[in-house]
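Structure first, commentary second.
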Amino acid sequence: YKGGLEPFGDDVFAGSPTTVAPGTGIPVPTAYTLGPGDVLRVQLWGKENQNLELPISRDGSISFPDSGPMNLAGLSFEEARQQIRKRVSEQYIGVEAAVTLGELRSMRVFVLGEARNPGSYTVSSLSTITNALHVSGGVKQNGSLRNVQHKSNGKLVGTLDLYDLLLKGDSSADTRLPQGDATFHPPRGKHASKADADNNPDT
């Protein structure tokens with residue numbers, strides 16, 4: 001690059017690719033859609049005290065003790081929490097329930113275009129565009145950070161300008177990636193160097 005300046009933002013996302021993007025420490029939104037592989041933790045207290053770990057099976061249900069299966073796949077976390085609380089109140093007199101999410105399912109997404117290591121990656125079901133970028137090791141020097149594309153079934157769903165995130169802290173376009181979706185990194189167009197960013201932090 002001219003003057004030996006490194007493009008701004010390259011070092012933030014560069015690294016060695018990994019196989020699984022960690023999902024720990026990420027707040028789970030109440031609108032999160034449950035699916036097979038997710039694990040619900042249910043704490044019962046009152047006349048009966050228990051801590052249950054209930055994985056959602058391939059058929060989309062959990063096996064609730066003494067009261068049969070509950071189909072939860074496709075429900076939001078908040079909807080499932082309400083249904084479990086209702087069943088507990090009906091089945092167990094004097095018992096209350098607190099419901100949280102434990103282990104989250106994993107899924108496959110694709111990182112394509114001018115990525116350092118394009119291909120298919122296993123990530124957490126809460127992973128976003130930037131999580132996929134981290135797990136794949138970042139973009140090539142000629143890859144764009146200004147126009148990261150989110151694609152689903154080959155169709156453009158949205159775009160992310162990583163300079164908005166790096167310079168302004170705006171992560172609103174850093175959307176979650178559903179199973180099988182892809183991030184596509186086109187060739188780099190106009191870019192800023194680190195010196196440009198240091199001298200013009202608001203641009």
Side-chain angles (χ1 to χ4, degrees), residues 9 12-41 53-62 69-81 83 100-140 142-166 170-188:
V12 177
F13 300 99
S16 300
T18 58
T19 55
V20 179
T24 57
I26 303 174
V28 178
T30 56
Y32 172 78
T33 302
L34 296 173
D38 288 329
V39 176
L40 290 165
R41 292 177 177 160
E53 289 214 354
L54 306 174
I56 299 179
S57 65
R58 288 186 178 181
D59 68 1
S61 66
I62 59 172
M70 288 184 68
N71 198 326
L72 298 179
L75 296 182
S76 70
F77 173 53
E78 182 59 30
E79 289 170 336
R81 184 160 54 184
Q83 287 200 16
T100 58
L101 264 173
E103 184 178 341
L104 300 177
R105 68 185 184 274
S106 59
M107 63 180 188
R108 300 292 285 180
V109 297
F110 299 90
V111 181
L112 306 173
E114 300 299 321
R116 290 182 191 272
N117 300 280
S120 174
Y121 289 88
T122 301
V123 297
S124 156
S125 55
L126 285 179
S127 293
T128 64
I129 295 172
T130 54
N131 294 140
L133 185 56
H134 273 293
V135 81
S136 66
V139 298
K140 296 177 183 176
N142 65 327
S144 174
L145 296 179
R146 303 301 308 267
N147 182 32
V148 182
Q149 300 175 8
H150 174 191
K151 293 190 173 184
S152 180
N153 295 319
K155 295 182 180 179
L156 183 64
V157 176
T159 60
L160 171 63
D161 182 347
L162 285 167
Y163 284 9
D164 285 343
L165 177 61
L166 296 174
D170 181 2
S171 62
S172 59
D174 187 21
T175 54
R176 289 222 321 266
L177 295 171
Q179 165 75 25
D181 278 17
T183 64
F184 179 79
H185 304 275
R188 187 188 298 271

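When every heavy atom of Val135 is checked against every heavy atom of Tyr121, the shortest pair comes out as O-CE2, 3.8 Å. Asn71 and Gly60 make their closest contact through OD1-O, 3.1 Å (heavy atoms, listed as atom of the first residue, atom of the second, distance). Shortest non-hydrogen contact noted between Ser61 and Asp59 is OG-OD1, 2.7 Å. Between Ser127 and Asn131 the shortest heavy-atom distance is CA-OD1, 3.3 Å. Scanning all heavy atoms of the two residues, the minimum distance from Thr30 to Arg81 falls at CG2-NH2, 3.8 Å. Here the shortest heavy-atom pairing between Leu72 and Leu34 reads O-CB, 4.0 Å.
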**OP:** Let me see the working for Asp181 and Ser152 under side-chain hydrogen bond (donor to acceptor under 3.5 Å, both in side chains), right down to the final yes or no.
**Re:** CA-CA 5 Å; Asp181 278 17; Ser152 180; 3.0 Å; yes
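Using a 4.5 Å heavy-atom cutoff, the side chains of Ile62 and Met70 are in contact. Residues Leu177 and Thr183 are in side-chain contact: their nearest non-hydrogen atoms beyond the backbone lie under 4.5 Å apart. Between Asn117 and Val111, the closest side-chain pair of non-hydrogen atoms is not below 4.5 Å. Residues Leu162 and Ile129 are not in side-chain contact: their nearest non-hydrogen atoms beyond the backbone lie 4.5 Å or more apart.
Between the side chain of Asp38 and the backbone N or O of Arg105 there is at least one donor-acceptor pair closer than 3.5 Å. Judged by distance alone, with hydrogens and angles left aside, the side-chain atoms of Ser144 form a donor-acceptor pair with the main-chain N or O of Asn147 at under 3.5 Å. In this structure, the side chain of Arg41 does not engage the main chain of Leu101 through any donor-acceptor pair within 3.5 Å.
Interatomic distance, Ser125 OG to Leu104 CG, rounded to the nearest 0.5 Å: 4.5 Å. Taken from NE2 in His185 to CD in Glu114, the straight-line distance is 10.0 Å, to the nearest 0.5 Å. Atom OG1 of Thr159 and atom NZ of Lys151 lie 11.5 Å apart (nearest 0.5 Å). Here Leu75 contributes atom CG and Thr33 contributes atom OG1; the two are 9.0 Å apart, rounded to the nearest 0.5 Å.
Listed by chain and number, the residues in a side chain to side chain contact (heavy atoms under 4.5 Å, CB included) with Arg176 are Pro29, Tyr32, Leu126, Thr128 (sequence neighbours excluded). Under the side chain to side chain contact (heavy atoms under 4.5 Å, CB included) criterion, Asp164 pairs with Asp161, Lys168, Asp170, sequence neighbours left out.
The side-chain contact (heavy atoms from CB on, under 4.5 Å) test with Leu165 is passed by exactly one of Val148, Thr130, Leu145: Thr130.
For Glu103, the CD atom counts as loosely surrounded, since its 6.0 Å shell holds 12 or fewer non-hydrogen atoms of other residues, nucleotides or ligands. Around the CG atom of Asn153, the shell of radius 6.0 Å holds no more than 12 heavy atoms that belong to other residues, nucleotides or ligands.
Inspection of the Arg108 and Thr122 side chains reveals an N or O donor paired with an N or O acceptor under 3.5 Å.
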